[in-house]
Amino acid sequence: MVLQSILIPQKKQESYIRGGRIKEGKLFLLKGEILSFDTYFNSFSYPKYRDYTKANTVEFEVEFCGEIVASWCVFDGEEQVLCEKIGKSERKTSLIFSTDFTYLPQNGILYLKIKAKKESEILSGSYCTKCEFEPIKCSVVICTYRRESFVLKNIERFQKGKFTWISHVYVIDNGNTLETQTNSFIQVIPNKNVGGSGGFTRGLLEAEQEEATHVILMDDDIVFHPETMEQMTMFLSILKKEWKESWFSAAMITLDQPEKQYEMGAIWDGKKSIGKKQGVDLRKRENLLTNMENREIQYGGWWTILLPLSILKRVGFPLPFFIKFDDVEYGMRKPLGTEIITMNGIAVYHEAFDRKVNFVLDYYNLRNELIVNVLYRNLSLIGALKRVWYEVCKELFLYRYDCCLLVFQAVKDFLRGVDFFLETDGERENQKLINLAPKLIPLEEIPEWEESLRCDEHKRNYKITLPMILTIGGQILPSIFLKKEKYAIPLSKTSAIDLFGRKWAIQYQLGKEVGILTKHSTKKFVKYGLGAIRVSFQLIRKYRKVKIQFQERKGELSSMAFWKKYLEIN
């Protein structure tokens, strides 16, 4: 049984291999060169298998042509050579190494180190075991909305992959732009545009009907290795009895920083998401050890997560959040004692979130965060008011005045409680929000834009000065005192001090060549400030009742009956 296959990247990266040369997808060593697999993607995290699975031994088989000296090593802070073998052949041949976990350090990684005695090619490598397994039937659910360039490549990756337990891939097409196709493996299903939560739930319904035992929920715009999906499902097929209901969360690596881990599971503290093992340098061998010490995860991002479908009978389907916080809420809802497992090398690549800023997201973030916090954090009225006013002040001080309308709408819809979701068409509501939000336009259509204004590397500064306090963030400064020089800043990195005392600024989307001209306006500041006061009084009057309603009636929104009606499925 192959547990993990060696990944050979298209170009050399230290998170995959150390040493060696890659040419046209092939891995070579010149005479005297050393290649090592003590890396994020290609080392073997045996403590995870020892603790969670029935496996107690592992074999490593390396296939090669040439003449090599292969050292089978363990690293637990210091490298120890467990075994060394010499291999020589002009044709494809292999060397095999075997180890019992009992004799290994408590925390460590296994890997092979190879020295070429003459020019050699490494053809493949795999970690295998012999133990009892329980067959699983896993479906993959990809939710997509008009991202053909990404999702078609991911369909192709699945078609080229070799899988033991993945039986079906459902592509839920919320945008209805993909050519419908159905075969024994890939199925594209047109769906209402009901966001990520609606798309994933449609896939869960399909997987349940297929009588799958597990499901992988996956974003459309990730980049992944098919071998990663195989490794996750193989791991779950050999779990010990006490871990049968475990989830498996793939870590995220951003496409623009492929040597750093963005997140490996997370927790929600009631105010913000705290990504675990964030910013870990994947090139450093010692970080692979600390990466394995990763417990008490509350949720895993739905860019890629593997769940047992038995969870549906225990806690129901996701809430109809459209987008944002659906993965947080579902993780908070998981049964007590359910473990979310992570592992070195189980990761996908994803575009950085600071390149995906969208004003409509402000609405979903606030509305859904309030719901999560009244359900699981017993959020007080004071806490809710603070959260709403933080969002209002952010939009006012960043000159995004009209975005306050989205904040107000988020509060009003939250105060409508469970009935809002029962009575509202999510697709139509989303279109209303799009029409309400300020529009980002091509930078070339903004007369004030100049390429020299670009400052992609700008660092966000949260500093607050005395003049900012005295002038309410500069909002009451007379126009005569405002700086009139041209200025631009990335949307995701803008802070109040950047705009303080400026007449206007272009805020642009990183990597997208779109932006918006924002202008200082005392009139709008007063207008939306008064609007925030009115919304606050509404929150004060209705908060307690709505909080109790969500706590008592949330099950109505996670039932199969609700979702079939919401998705218009007969």
Side-chain angles (χ1 to χ4, degrees), residues 4 15 40-41 43 45-53 107 109 141 196-197 200 214-219 222-225 228-229 231-233 235-236 239 242-254 257-282 284 286-308 311 315 318 321 324-353 368-369 372 376-377:
Q4 177 183 339
S15 53
Y40 180 76
F41 282 103
S43 63
S45 300
Y46 68 83
K48 294 288 185 176
Y49 287 89
R50 179 197 61 211
D51 295 345
Y52 292 105
T53 77
N107 191 27
I109 55 171
V141 175
S197 60
F200 285 129
H214 293 76
V215 65
I216 296 174
L217 303 181
M218 174 186 293
D219 274 351
I222 63 167
V223 177
F224 68 94
H225 298 288
T228 300
M229 305 301 134
Q231 186 180 347
M232 278 201 299
T233 54
F235 188 94
L236 262 66
L239 285 174
E242 60 266 34
W243 301 113
K244 285 294 183 185
E245 298 299 310
S246 297
W247 302 7
F248 209 128
S249 176
M252 175 180 151
I253 304 169
T254 59
Q257 289 188 300
E259 303 297 351
K260 282 193 174 181
Q261 187 170 261
Y262 177 83
E263 182 176 297
M264 197 182 210
I267 62 175
W268 172 251
D269 71 355
K271 296 181 180 179
K272 61 183 180 299
S273 290
I274 302 173
K276 305 203 76 171
K277 308 300 179 181
Q278 206 163 35
V280 170
D281 189 335
L282 303 178
K284 295 183 178 180
E286 58 270 23
N287 288 345
L288 307 185
L289 303 181
T290 56
N291 244 359
M292 280 188 281
E293 299 165 355
N294 197 29
R295 305 290 290 269
E296 299 179 355
I297 297 170
Q298 288 182 341
Y299 75 94
W302 283 5
W303 43 76
T304 301
I305 192 165
L306 175 54
L307 309 169
I311 191 67
V315 303
F321 278 174
K324 294 298 178 183
F325 278 86
D326 44 0
D327 49 4
V328 177
E329 190 279 329
Y330 208 64
M332 302 285 279
R333 207 195 315 168
K334 69 183 184 298
L336 188 65
T338 300
E339 186 83 0
I340 298 183
I341 301 169
T342 61
M343 190 189 300
N344 289 322
I346 302 295
V348 298
Y349 295 93
H350 197 288
E351 187 176 37
F353 290 123
N368 297 342
E369 180 185 324
V372 168
Y376 304 106
R377 292 293 180 187

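Only this structure's heavy atoms are used, side chains among them; waters, hydrogens and symmetry mates stay out.
- Ring planes of Tyr262 and Phe353: perpendicular class, angle over 60° (limits at 30 and 60°).
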Would you check, one step at a time, whether the test side chain to side chain contact (heavy atoms under 4.5 Å, CB included) holds for Phe325 with Met332? CA-CA 10 Å; Phe325 278 86; Met332 302 285 279; over 6 Å; no
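- Considering NZ of Lys284 and CD of Glu259, their distance stands at 12.0 Å, rounded to 0.5 Å.
- Between Asp51 and Trp243, the shortest heavy-atom contact is O-NE1, 3.4 Å.
- Using a 4.5 Å cut-off on side-chain heavy atoms (C-beta onward), Ile346 and Phe235 make no contact.
- For the residue pair Tyr299 and Ser273, a side-chain donor N or O sits within less than 3.5 Å of a side-chain acceptor on the partner.
- In this structure, a donor-acceptor pair under 3.5 Å is absent between the side chains of Asp281 and Asn287.
- Judged by distance alone, with hydrogens and angles left aside, the side-chain atoms of Lys276 form no donor-acceptor pair with the main-chain N or O of Ile267 at under 3.5 Å.
- Arg295 and Glu339 are joined by a salt bridge, as a carboxylate oxygen and a charged side-chain nitrogen come within less than 4.0 angstrom of each other.
- Atom CD1 of residue Ile305 and atom CG of residue Asp219 lie 11.5 Å apart, to the nearest 0.5 angstrom.
- At a threshold of 4.5 Å between non-hydrogen side-chain atoms, the residues Val328 and Trp302 do not count as touching.
- The distance from atom CD1 of Ile253 to atom CG of Leu282, rounded to the nearest 0.5 Å, is 5.0 Å.
- The shortest heavy-atom contact between Gly345 and Thr228 is O-OG1, 4.0 Å.
- Within a 6.0 Å sphere centred on NZ of Lys260, other residues, nucleotides and ligands contribute 12 heavy atoms or fewer.
- Other residues, nucleotides and ligands place no more than 12 heavy atoms under 6.0 Å from the CD atom of Glu296.
- Pairing each heavy atom of Pro335 with each of Ile311, the nearest pair is CD-CD1, 3.3 Å.
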Run the side chain to side chain contact (heavy atoms under 4.5 Å, CB included) check on Val348 and Met229 step by step: do they pass? CA-CA 10 Å; Val348 298; Met229 305 301 134; 4.1 Å; yes
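- Residues Trp268 and Glu329 fail the side-chain proximity criterion, which asks for heavy atoms closer than 4.5 Å.
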So Thr233 and Ile216, side chain to side chain contact (heavy atoms under 4.5 Å, CB included) or not? Walk me through it. CA-CA 9 Å; Thr233 54; Ile216 296 174; 4.2 Å; yes
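- Within the 4.5 Å cutoff, no side-chain heavy atoms of Gln231 are placed close to those of His225.
- The minimum heavy-atom distance linking Ala251 with Gln261 is given by the pair CB-OE1, 3.9 Å.
- At distances below 3.5 Å, not a single donor-acceptor pair connects side-chain atoms of Lys324 with backbone N or O atoms of Glu369.
- Looking at Ser197, its side chain does come within 3.5 Å of a backbone N or O of Phe321 through a donor-acceptor pair.
- Proximity of a side-chain donor or acceptor of Asn107 to a complementary backbone N or O of Leu289 within less than 3.5 Å is detected.
- Nearest heavy-atom pair, Pro258 versus Tyr349, reported as atom, atom and distance to 0.1 Å: CB-CE2, 4.0 Å.
- Here OG of Ser249 is found 8.5 Å from CE of Met264. Values are rounded to the nearest 0.5 Å.
- Counting heavy atoms from C-beta outward, Leu288 and Ser43 have side chains that approach closer than 4.5 Å.
- Residues Met252 and Thr304 form no side-chain contact, since every pair of their non-hydrogen atoms from C-beta on lies 4.5 Å or further apart.
- Atom OG of Ser45 is separated from atom CG of Asn291 by 8.0 Å, given to the nearest 0.5 angstrom.
- Of the inter-residue distances, the one linking Asp327 atom CG with Trp303 atom CH2 reads 7.0 Å to the nearest 0.5 angstrom.
- Listed here is the closest heavy atom pair of Pro308 and Glu245: CG-O, 3.7 Å.
- The shortest side-chain heavy-atom distance between Tyr52 and Phe248 does not fall under the 4.5 Å cut-off.
- By the 4.5 Å heavy-atom criterion applied to side chains, Lys334 and Ile340 are counted as neighbours.
- Formation of a donor-acceptor pair under 3.5 Å by the Gln278 side chain with backbone atoms of Ala266 is not found in this model.
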